[in-house]
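The chains referred to below are lettered A, B, ... by the order of the sequence lines, with proteins before strands, and numbering in each begins at 1.
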Number of protein chains: 2
Amino acid sequence: MRKLPPLNALKSFEVAARHLSFTKAAEELFVTQAAVSHQVKALEDFLELKLFIRRNRSLLLTEEGQEYYLELRDIFEQLAQATDKLRLVSERGALTVSVPPSFAILWFVPRLSSFREEHPDMDIRIKAVDEISGSLTDDVDVAIYYGDGRWPGVKAYQLHEEYLWPVCSPLLLDKANIQEPIDLFKQTLLHDETRNAWKDWFQLVGLPQYKGDNGPVFSHSSLALQAAVHGQGIALANNVLVKSEIDSGHLVRIFPQALQRNKAFYLVCRDNQAEIGKIATFRQWLLGLVQKEEQEFNQ
Amino acid sequence: MRKLPPLNALKSFEVAARHLSFTKAAEELFVTQAAVSHQVKALEDFLELKLFIRRNRSLLLTEEGQEYYLELRDIFEQLAQATDKLRLVSERGALTVSVPPSFAILWFVPRLSSFREEHPDMDIRIKAVDEISGSLTDDVDVAIYYGDGRWPGVKAYQLHEEYLWPVCSPLLLDKANIQEPIDLFKQTLLHDETRNAWKDWFQLVGLPQYKGDNGPVFSHSSLALQAAVHGQGIALANNVLVKSEIDSGHLVRIFPQALQRNKAFYLVCRDNQAEIGKIATFRQWLLGLVQKEEQEFNQ
DNA sequence: TATTTATCATTACTTTAACTAATGTGACTT
DNA sequence: AAGTCACATTAGTTAAAGTAATGATAAATA
């Protein structure tokens with residue numbers, strides 16, 4: 001039927017053309033430079049034309065090579081996308097979600113059983129990651145990001161309205177005689193890595209002179225909350241993350257003032273994958289759950 | 001970088017999906033059924049899902065397989081096109097032209113030297129073919145078709161206005177005393193395989209009762225003209241094909257009546273290749289030449 | 001119901017394609 | 001002039017693809 005060029009040679013060519021170097025291409029392909037040289041030569045022999053101009057220290061594409069490369073790049077891109085998509089259209093098999101650790105522990109994992117009930121065929125693989133940037137990598141299908149909702153190349157769906165509340169354990173509240181914000185000056189403040197949060201809160205309640213920088217700093221807000229549960233001080237907690245500890249009575253909210261931060265947790269996926277099978281299923285479940293919980297809260 | 005599926009396995013899959021049969025796919029790929037089976041299995045293993053549902057006498061695609069197949073088909077189509085194009089963008093290397101034999105001998109080949117002069121880097125490979133249908137095959141880039149200009153999937157450019165003229169050698173005309181069309185009744189008529197041409201011509205000149213079916217039949221009009229040159233009878237000749245023999249005086253036109261047939265020679269190429277390098281170059285030369293010759297004729 | 005047939009799967013083996021290691025080549029660098 | 005960098009080449013190895021033979025299954029046929 002069709003007489004297609006040697007496909008594996010095309011792959012070598014595409015990579016070599018992208019790097020304009022056989023040596024670098026070989027690294028990317030985990031083969032030797034000689035292998036790339038062979039493959040490119042085989043392709044050139046098949047096509048009966050030169051794709052590269054070999055200068056001694058530099059490699060450049062011929063006109064034909066340049067044109068072919070651009071088309072091949074698109075073709076391989078399409079192939080990669082079609083293949084990605086394939087993995088995601090079926091309801092069976094796993095979906096990998098990257099989640100910030102605190103959100104995972106305090107909110108996401110406790111709610112996962114509801115997903116398993118609704119979608120027993122679909123497994124969720126959770127990957128806790130600290131760095132947002134670049135966490136939507138090859139092996140990750142969707143992610144939870146914390147931020148302002150503006151990230152390039154992705155679709156982001158906000159989950160909750162979020163605030164920061166001062167919280168502490170009921171025991172501490174009993175014995176410490178905390179009536180007004182100014183009473184916190186004598187207390188240990190617990191910090192996570194969101195900088196200046198306490199300072200901003202004191203500003204909010206009309207105490208701008210206090211920096212609120214005493215007390216231990218935890219790498220993750222879940223650790224700060226854990227410390228608060230154990231009566232080690234007052235934490236400034238995200239309403240979403242702290243919800244279950246408040247519901248269970250392990251922590252109490254000690255003032256009505258809530259600090260708004262223009263940041264929230266977002267469900268994030270690649271722009272062009274938003275509507276495909278598993279990803280849409282997962283999004284519907286997650287956004288539905290958030291909505292349901294907010295309705296219950298407002299009743 | 002990207003983790004692409006095994007490319008050769010994709011090819012086997014695409015063919016198998018097209019035929020819905022491993023056996024037929026194997027035939028197309030010139031391998032055994034087992035080879036296709038292995039390749040498809042390897043692909044399914046890589047993707048971790050089934051592409052086919054194997055029933056005992058029938059093979060069908062799973063939903064995922066169907067979706068993947070449709071995308072792959074497009075991708076391979078694009079690849080084939082990009083590769084074809086590549087061969088044709090460069091001015092170097094050959095362009096293969098399929099030409100009906102008579103047109104080749106009488107018109108095309110004699111004019112080829114002008115092309116070589118204008119485009120010394122570009123070789124023309126001529127393939128004389130009798131059958132128009134399907135002559136624009138894999139190995140042929142452009143073709144000359146004879147017909148009404150309507151063929152699906154191709155671009156067709158008409159070359160000349162065409163008519164049929166009665167012609168014979170000057171010697172025969174001398175000795176045979178031919179004054180009016182009715183005098184041809186006593187002459188040997190030479191036929192090529194365009195059926196009913198003489199009959200139609202007699203109808204044109206008001207002699208519908210004569211079928212004009214005596215005389216030898218030649219498989220190609222060039223042979224009929226060759227017979228006419230040797231004084232063996234009167235031929236009904238295409239004005240384009242006979243031009244050089246008339247110019248040289250080997251044949252003379254014996255009546256002014258010209259039979260119109262709504263058919264002509266066309267330059268034909270694949271729809272989507274009309275504007276690429278060599279093909280456009282060749283078309284410009286050919287159409288330009290035709291136009292120049294017609295201008296000279298009209299002066 | 002038994003037999004044949006068509007089609008894909010599987011296994012053990014062979015062939016071919018891809019890759020490697022070592023070395024060569026030519027031009028720029030120092 | 002010696003060193004280095006990057007691709008080419010050659011000969012030999014490894015891995016992928018393919019084959020041949022056989023097995024399994026279910027539909028078609030007798």
Side-chain angles (χ1 to χ4, degrees), chain A residues 1-62 64-66 68-69 72 76, chain B residues 1-62 64-66 68-69 72 76 79 83:
Chain A
M1 186 83 239
R2 275 189 295 251
K3 210 176 70 193
L4 291 172
L7 300 178
N8 293 325
L10 290 179
K11 196 163 84 189
S12 292
F13 167 66
E14 194 270 345
V15 179
R18 177 146 40 82
H19 292 295
L20 287 178
S21 157
F22 287 11
T23 309
K24 292 209 188 93
E27 274 170 39
E28 175 173 330
L29 295 165
F30 300 108
V31 295
T32 57
Q33 168 268 131
V36 176
S37 173
H38 283 312
Q39 290 286 44
V40 170
K41 188 173 186 311
L43 182 59
E44 289 180 326
D45 287 351
F46 172 87
L47 297 170
E48 298 178 320
L49 52 83
K50 289 282 164 205
L51 294 164
F52 288 110
I53 298 160
R54 283 94 162 155
R55 296 252 178 84
N56 65 320
R57 284 282 173 109
S58 71
L59 186 69
L60 48 151
L61 287 159
T62 60
E64 294 89 5
Q66 174 69 19
Y68 202 41
Y69 163 61
L72 282 182
F76 280 120
Chain B
M1 185 83 240
R2 275 188 296 250
K3 210 176 72 195
L4 291 172
L7 300 178
N8 293 325
L10 289 180
K11 196 163 85 189
S12 292
F13 167 67
E14 193 270 345
V15 179
R18 177 146 40 83
H19 292 295
L20 289 177
S21 158
F22 287 12
T23 309
K24 292 211 188 91
E27 274 170 39
E28 176 172 331
L29 295 164
F30 300 108
V31 295
T32 58
Q33 168 271 130
V36 177
S37 173
H38 283 313
Q39 291 286 43
V40 170
K41 188 172 186 314
L43 182 59
E44 288 180 327
D45 288 351
F46 173 87
L47 296 170
E48 298 177 322
L49 52 84
K50 288 283 163 204
L51 295 165
F52 288 110
I53 299 160
R54 283 92 162 156
R55 298 252 179 83
N56 67 318
R57 283 284 174 108
S58 71
L59 187 69
L60 48 152
L61 286 159
T62 61
E64 295 89 6
Q66 175 69 21
Y68 202 42
Y69 163 61
L72 283 183
F76 280 120
L79 178 58
T83 308

*asked:* Between C1' on dC8(C) and CG on Leu51(B), what's the gap in Å once rounded to a whole number?
replied: 15 Å
*Residue that, paired with Phe13(A), satisfies side-chain contact (heavy atoms from CB on, under 4.5 Å) out of Leu43(A), Asn8(A), Leu47(A)*: Leu43(A)
*asked:* Test of understanding: with salt bridge (charged side-chain N to carboxylate O under 4.0 Å, His left out), list the residues that count as partners of Arg54(A), not counting sequence neighbours.
replied: Glu44(A)
*Show the numbers, then the answer: is there a side chain to side chain contact (heavy atoms under 4.5 Å, CB included) between Leu4(A) and Thr83(B)?*
CA-CA 8 Å; Leu4(A) 291 172; Thr83(B) 308; 6.0 Å; no
*asked:* Counting only heavy atoms and a strict 4.0 angstrom limit, can you tell me which residues of residues 37-46 of chain A come near DNA chain C?
replied: His38(A), Gln39(A)
*Just how far, in rounded Å, is P of dA18(C) from CG of Asn8(B)?*
7 Å
*List the steps and the verdict of side chain to side chain contact (heavy atoms under 4.5 Å, CB included) for Val15(A) and Val36(A).*
CA-CA 9 Å; Val15(A) 179; Val36(A) 176; over 6 Å; no
*Apply side chain to side chain contact (heavy atoms under 4.5 Å, CB included) to the pair Phe46(A) and Leu10(A), showing each step before the final yes or no.*
CA-CA 11 Å; Phe46(A) 172 87; Leu10(A) 290 179; over 6 Å; no
_Residue whose nearest DNA chain D nucleotide is more 5′ - Lys24(A) or Ser12(B)_ = Lys24(A)
*Residues two or more places apart in sequence or in another chain: which of them pass side-chain contact (heavy atoms from CB on, under 4.5 Å) with Gln66(B)?*
Leu61(B), Leu70(B)
*Which part of the nucleic acid does Thr32(A) contact within heavy-atom distance under 4.0 Å: base, sugar-phosphate only, or nothing?*
base
*asked:* Regarding Ser21(B), tell me which of base, sugar-phosphate or nothing describes its non-hydrogen contacts under 4.0 Å with the strands shown.
replied: sugar-phosphate
_Quick one, Tyr68(B) and Pro5(B) - any side-chain contact, counting heavy atoms below 4.5 Å?_
yes
*Check the pair Glu27(B) / His19(B) against side chain to side chain contact (heavy atoms under 4.5 Å, CB included), numbers first and verdict last.*
CA-CA 11 Å; Glu27(B) 274 170 39; His19(B) 292 295; over 6 Å; no
*Can you tell me the distance, in whole Å, between the NE2 atom of His19(B) and the P atom of dT7(C)?*
13 Å
*Would Glu14(B) and Arg18(B) pass as an ion pair if we require N to O under 4.0 Å?*
yes
*Indicate yes or no: at least one non-hydrogen side-chain atom of Leu49(B) is less than 4.5 angstrom from one of Thr62(B).*
no
Quick test: give all pairs of protein nitrogen or oxygen and nucleotides 13-16 of chain C nitrogen or oxygen below 3.5 Å, distance rounded to 0.1 Å.
none

*What residues form a side-chain hydrogen bond (donor to acceptor under 3.5 Å, both in side chains) with Lys41(A), not counting sequence neighbours?*
Asp45(A)
*For Ser37(A), check side-chain hydrogen bond (donor to acceptor under 3.5 Å, both in side chains) against everything at least two apart and list the hits.*
none
*Considering residues at least two apart in sequence or located in another chain, which fulfil the ring-ring contact (aromatic ring centres under 6.0 Å, His included) criterion with Tyr69(B)?*
none
*Outermost DNA chain D nucleotides near chain B [under 4.0 Å, heavy atoms]*: dA17(D) to dA27(D)
*Let me have a per-nucleotide readout for nucleotides 22-30 of chain C, 5' to 3', with B, S or -, counting only protein heavy atoms under 4.0 Å.*
-----BB--
*Do any side-chain nitrogens or oxygens of Arg55(B) fall under 4.0 Å of OP1 or OP2 in dT7(C)?*
no
